[in-house]
Amino acid sequence: MANIIHVQKGTKDILPQEISQWHRLEQNALEIFTKYGYKEIRTPIFEATELFARGVGDTTDIVNKEMYTFEKSERSLTLRPENTAGVVRSFIENGMSRLSAPVKLWYKGPMFRYERPQAGRQRQFHQVGIEMFGIKEPTADAEAVMLAVDYLNSLGLNDLEVEINSLGCPKCREEYKRKIKEVLKPEFDNLCEDCQTRYEKNPLRLLDCKVETCKAIFEKPEIQKVIKSDFLCEECAQHYKDFKKYLEKLNIKYVENKLLVRGLDYYNRTVFEIKSNNLGSQNAVCGGGRYDSLVGQLGGEDTPAIGWAMGMERLNSLLEKPEAEKLDGYIVSNSSEDAFELAQELRNKGLKVEFDLANKKFTKQLEKAAKVAKFALILGEDEIRTNTVSVKNLSTSEQIKVPRCDIIKRIGEKNG
RNA sequence: GCGGGUUUCGUCAAGCGGUUAAGACCUCGGAUGGUGGUUCCGAUAUGCAUGGGUUCGAAUCCCAUAACCCGCCCCA
């Protein structure tokens, strides 16, 4: 036998026995997002590499070491590592800033990041997410979070923690960064290697380092004082305050986390994550925030925006595994012709029905029926002659011979 | 990129230097039988991730490689 070819590291087949959970995730998304006025958008799976370099940010890990990039016809292309940049590209390119605000878009689909796989992390994974354009008011932030919570609740997920923070605007954040760098400067040589790079690239990321020596440094009172300081400018502070006010009004329990920064460069002001304790170390199911300057940065008119994404594999691992769904009926008959005809008749009426394509023995067919269906539809010589079918309920063993036209009624009442 | 762990049939697994490599489930076939899920019988790894080594003898010990899993970083 030839060697078999395996799925690639960090990728998975989604098998028939788990597909119903995926359908549920997708159906609930469509239903609930639609209630909030969102429309689905589908953008390509690869884009110009430059889109992500400019959109996601060239200091981020995602862009620096996690992208699947390839050359074709002298173009540099990249499999999308996330979908905000793509949606923004489409928003700009299709002139959606001319539409009446807010423009509300949602998406679902595969994303690609070249990382070491572990629990809750794959190289190809799926996200469902939303983006809202054109509203700078904190009502938009609150509605976006509300929508996330609503969606999660619809899936039966209630035991989740919403964490929020505000990163301020470029102006007040720069000031904050400057202060952090200043107070940490004397300690620079004592920081771990990672923190030394973060010091240059993204000082906000420094603060939740897990290395003991770094933690000890950050514990120092003069440093804590800077970290804890309220750096938001007046406008940002008001925005954040109003955002929280709306969350409270909506009864959304949240926790403020000053260390919540998020790894994508485009965020400003509101950022949030929704976490579950049942996920192992990759515990965020949802992450998002406001990105008011991204549209402008990518060449569109300045447009405030906010969005979030959820990891569908992570959602899936939190959901109850559903029972395999059975057929309504399995036709047991030694006449393939008659079985075929009956199957089509019932399928056209909307029932899920199969019969034995291999025309095995009666017992085998019944055995199969018990395995895959709720009802056995027995079509023997007698039944064919009298235009009836013996309908056997396979869980109660009740069996009744009925006219063909009454099958649905019989299955229906025993089914409900 | 850096750590730790695991790897025996489709699946779960026994095995601890000498076995014909248990067992269970699934699948398939047969018996009985116009009626399954709840009977009985049978089939299914010359093979223990791969390549070397030690040994009279290796799934069992050693080395290397790979794959997978888990964690760090980061993220959904």
Side-chain angles (χ1 to χ4, degrees), chain A residues 3-12 15 17 25 56 59-66 80-84 108-129 148 152 192-195 197-198 201-202 205 208-212 214 260-264 271-276 279-288 307-318 326 330 332-334 358 360-383 390-399 401:
Chain A
N3 287 338
I4 63 166
I5 297 166
H6 299 274
V7 270
Q8 292 304 289
K9 190 196 265 284
T11 68
K12 276 196 174 120
L15 297 168
Q17 60 265 30
L25 290 180
V56 179
T59 68
T60 60
D61 280 3
I62 291 182
V63 170
N64 279 314
K65 46 185 205 193
E66 297 177 3
R80 62 185 187 193
E82 55 98 61
N83 207 29
T84 297
K108 61 168 196 271
M111 309 293 160
F112 305 85
R113 293 182 199 173
Y114 187 78
E115 300 179 89
R116 284 290 281 273
Q118 64 183 71
R121 175 192 290 162
Q122 295 171 219
R123 289 181 173 177
Q124 178 178 167
F125 62 102
H126 297 76
Q127 288 187 328
V128 55
L152 292 166
C192 71
E193 209 174 304
D194 285 340
C195 279
T197 5
R198 289 189 197 114
K201 281 187 180 169
N202 193 347
R205 291 226 74 92
D208 60 348
C209 184
K210 271 108 194 159
V211 176
E212 288 303 325
C214 294
L260 178 61
V261 171
R262 306 200 46 74
L264 293 84
V271 290
F272 57 92
E273 282 186 4
I274 302 179
K275 295 180 174 175
S276 161
L279 275 177
S281 68
Q282 308 305 319
N283 62 353
V285 265
C286 174
W308 51 251
M310 296 195 193
M312 296 176 81
E313 282 81 1
R314 290 184 190 177
L315 286 175
N316 249 329
S317 67
L318 293 174
K326 292 196 162 183
Y330 191 89
V332 175
S333 174
N334 289 319
K360 289 185 199 149
K361 290 188 196 168
F362 185 88
T363 332
K364 288 288 172 198
Q365 291 192 28
L366 194 61
E367 199 179 314
K368 174 84 171 176
K371 232 175 287 182
V372 302
K374 298 175 207 161
F375 291 86
L377 306 174
I378 299 164
L379 191 58
E381 283 167 27
D382 269 9
E383 285 90 349
S390 293
V391 177
K392 175 165 186 166
N393 182 323
L394 290 162
S395 49
T396 64
S397 295
E398 280 178 273
Q399 182 171 330
K401 195 183 276 190

Student: Rounded to the nearest Å, what distance is computed from the CG atom of residue A/L377 to the P atom of nucleotide B/G36?
Tutor: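 From A/L377 CG to B/G36 P: 17 Å.
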
Student: Could you check whether A/G287 gets within reach of a base, just the sugar-phosphate, or nothing at all, counting any heavy atom under 4.0 Å?
Tutor: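 Since only primed, P, OP1 and OP2 atoms lie under 4.0 Å of A/G287, the category is sugar-phosphate.
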
Student: Considering only atom P, compute the distance from B/C25 to B/C41 and round it to an integer number of Å.
Tutor: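 Rounded to whole Å, the distance is 12 Å.
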
Student: Looking at B/C74, does its base get a donor-acceptor pair with the side chain of A/R113 below 3.5 Å?
Tutor: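 Counting by modelled atom types and ignoring angles, no donor-acceptor contact under 3.5 Å is found here.
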
Student: Nearest-nucleotide wise, let me know which of A/A119 and A/V285 is further upstream toward the 5' end of RNA chain B.
Tutor: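 Final value for this comparison: A/A119.
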
Student: For A/A309, which contact category applies under a 4.0 Å heavy-atom criterion: base, sugar-phosphate, or nothing?
Tutor: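 The residue A/A309 makes sugar-phosphate contact but no base contact.
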
Student: Which nucleotide in the set B/G36, B/C73, B/G34 lies at the smallest distance from any side-chain heavy atom of A/K392?
Tutor: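 Nearest listed nucleotide: B/G36.
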
Student: Tell which nucleotide pairs with B/G36, taking only Watson-Crick or G-U wobble pairs whose two distances are both under 3.5 angstrom.
Tutor: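 Matched B/G36 with nothing under the 3.5 Å cut-off.
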
Student: Considering residues, nucleotides and ligands other than A/Q8, do more than 12 of their heavy atoms fall under 6.0 Å from its CD?
Tutor: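 Atom CD in A/Q8 is not packed in, count stays at 12 or less.
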
Student: Using the P atom as the point on both nucleotides, what is the distance between B/G30 and B/C12, in whole Å?
Tutor: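 Those two atoms are separated by 29 Å.
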
Student: Find the partner of B/U7: check Watson-Crick (N1-N3 plus N6-O4 or O6-N4) and G-U wobble (N1-O2, O6-N3) distances, both under 3.5 Å, and reply none if neither fits.
Tutor: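 Its partner is B/A66.
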
Student: Which value, in whole Å, describes the distance between the C1' atoms of nucleotides B/A21 and B/U46?
Tutor: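 So the two C1' atoms sit 11 Å from each other.
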
Student: Specify the separation, in whole Å, of atom CD1 of A/I62 and atom P of B/A76.
Tutor: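 After rounding, the gap between these two atoms is 6 Å.
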
Student: Regarding A/S281 and A/N283, do their side chains bring together a donor and an acceptor under 3.5 Å, going by distance alone?
Tutor: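 Checked: A/S281/A/N283 side chains show no N/O donor-acceptor pair below 3.5 Å.
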
Student: Would you mind telling me which residue lines up with the more 5' stretch of RNA chain B, A/E313 or A/Q8, judged by nearest nucleotide?
Tutor: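 Result: A/Q8.
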
Student: Sticking with atom P, work out how far B/C9 lies from B/A14, rounded to a whole angstrom.
Tutor: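 B/C9 and B/A14 have their P atoms separated by 12 Å.
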
Student: Heavy atoms under 4.0 Å, any strand shown: does A/G129 hit a base, just sugar-phosphate, or nothing?
Tutor: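 No contact.
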
Student: Using the P atom as the reference point in each nucleotide, state the distance between B/C63 and B/U6 in Å, no decimals.
Tutor: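 My reading of the P atoms in B/C63 and B/U6 gives 13 Å.
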
Student: With a 3.5 Å limit on both atom pairs, tell me what B/G18 is paired to, counting Watson-Crick and G-U wobble, or say none.
Tutor: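 By the stated definition (distances under 3.5 Å), B/C56 pairs with B/G18.
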
Student: What distance, rounded to whole Å, do you find between the two P atoms, one in B/G47 and one in B/U60?
Tutor: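 Going atom to atom, P in each nucleotide, I get 15 Å.
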
Student: What is the base-pairing partner of B/U27, counting Watson-Crick and G-U wobble geometry with both distances under 3.5 Å?
Tutor: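 Matched B/U27 with B/A43 under the 3.5 Å cut-off.
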
Student: Under 4.0 Å, counting only non-hydrogen atoms across every strand here, what does A/E273 touch: a base, just sugar-phosphate, or nothing?
Tutor: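 The answer is nothing, as A/E273 stays clear of every strand by at least 4.0 Å.
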
Student: Going by 5.5 Å between centroids and 30° between planes, is there a stack of A/F125 over B/A76?
Tutor: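 Check passed, A/F125 stacks on base of B/A76.
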
Student: Is NZ or CZ of A/R113 both nearer than 6.0 Å to the six-membered ring centre of A/F125 and within 45° of the ring axis?
Tutor: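 Cation-pi check for A/R113 and A/F125: fails.
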
Student: Taking CZ from A/F362 and P from B/A31, how many angstroms apart are they, rounded to a whole number?
Tutor: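 Atom-to-atom, A/F362 to B/A31, this comes out as 16 Å.
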
Student: Quick one: look up who B/C72 pairs with, Watson-Crick or G-U, both distances under 3.5 Å, and put none if it's unpaired.
Tutor: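 Answer to the pairing question: B/G1, which forms a Watson-Crick or G-U pair with B/C72.
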
Student: With a 4.0 Å cut-off on heavy atoms, is A/L315 in touch with a base, just the backbone sugar-phosphate, or nothing at all?
Tutor: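 The answer is nothing, as A/L315 stays clear of every strand by at least 4.0 Å.
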
Student: Return the NZ to CG distance between A/K374 and A/N393, rounded to the nearest 0.5 Å.
Tutor: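 Separation between the atoms: 10.5 Å.
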
Student: If you go through the side-chain atoms of A/S397, does one of them form a donor-acceptor pair with the base of B/G37 closer than 3.5 Å?
Tutor: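 Looking at the base of B/G37, it does pair with a donor or acceptor on the side chain of A/S397 (distance under 3.5 Å).
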
Student: Using Watson-Crick or G-U wobble geometry with both distances under 3.5 Å, which nucleotide pairs with B/A13?
Tutor: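 B/A13 is unpaired by these criteria.
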
Student: Hey, does A/T60 reach any base, or is it just sugar-phosphate, or nothing, if we go heavy atoms under 4.0 Å?
Tutor: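 No contact.
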
Student: Does atom CD of A/Q399 have more than 12 heavy-atom neighbours, drawn from other residues, nucleotides or ligands, at distances under 6.0 Å?
Tutor: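 Enclosed.
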
Student: Rounded to the nearest 0.5 Å, what separation is found between the CZ atom of A/R80 and the CD atom of A/E82?
Tutor: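 Reported to 0.5 Å precision, the distance equals 10.0 Å.
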
Student: I'd like a list of close polar pairs between nucleotides 24-28 of chain B and the protein, N/O only, cut-off under 3.5 Å.
Tutor:
| residue | atom | partner | partner atom | Å |
| --- | --- | --- | --- | --- |
| B/U27 | OP1 | A/K371 | NZ | 3.4 |

Student: Show which side-chain atoms of residues 364-373 of chain A pair as donor or acceptor with protein atoms under 3.5 Å away, not counting sequence neighbours.
Tutor:
| residue | atom | partner | partner atom | Å |
| --- | --- | --- | --- | --- |
| A/Q365 | OE1 | A/S333 | N | 2.8 |
| A/Q365 | NE2 | A/S333 | O | 2.9 |
| A/Q365 | NE2 | A/K360 | O | 2.8 |

Student: Is the number of heavy atoms from other residues, nucleotides or ligands within 6.0 Å of NZ (A/K12) greater than 12?
Tutor: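 12 or below, so no.
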
Student: Using modelled atom types only, decide if a donor and an acceptor are shared between the side chain of A/R121 and the backbone of A/Q282 within a distance under 3.5 Å.
Tutor: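 Flag not set: sc A/R121 to bb A/Q282 has no pair under 3.5 Å.
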
Student: Check the chi torsion on B/G47 and let me know: syn if it falls within 90° of 0, anti if not.
Tutor: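 You should classify B/G47 as syn.
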
Student: Examine B/A31: is either OP1 or OP2 under 4.0 Å from a nitrogen or oxygen in the side chain of A/K361? Give yes or no.
Tutor: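 A/K361 to B/A31 OP1/OP2: side-chain N or O found under 4.0 Å.
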
Student: Is it the case that the side chains of A/Q124 and A/T11 hold a donor-acceptor pair, with the cut-off being a distance below 3.5 Å and no angle test?
Tutor: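 There is no such pair between these side chains.
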
Student: In whole Å, what is the span from the CG atom of A/N64 to the P atom of B/C74?
Tutor: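 Computing the A/N64:CG to B/C74:P distance gives 13 Å.
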
Student: Rounded to whole angstrom units, what separation is found between the NZ atom of A/K275 and the C1' atom of B/C74?
Tutor: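 From A/K275 NZ to B/C74 C1': 13 Å.
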
Student: Can you tell me, in whole Å, how much space there is between the P of B/U50 and that of B/A67?
Tutor: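 Pairwise P distance, B/U50 against B/A67, rounds to 15 Å.
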
Student: If the C1' atom of B/A22 is compared with that of B/A76, how far apart are they to the nearest Å?
Tutor: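 About 45 Å, rounded to a whole number of Å.
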
Student: Answer yes or no: does a side-chain N or O of A/K364 lie under 4.0 Å from OP1 or OP2 of B/G36?
Tutor: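 False: A/K364 side-chain N/O out of range (4.0 Å or more) of B/G36 OP1/OP2.
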
Student: Looking at B/C69, does its base get a donor-acceptor pair with the side chain of A/Q118 below 3.5 Å?
Tutor: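 Side chain to base: no pair below 3.5 Å.
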
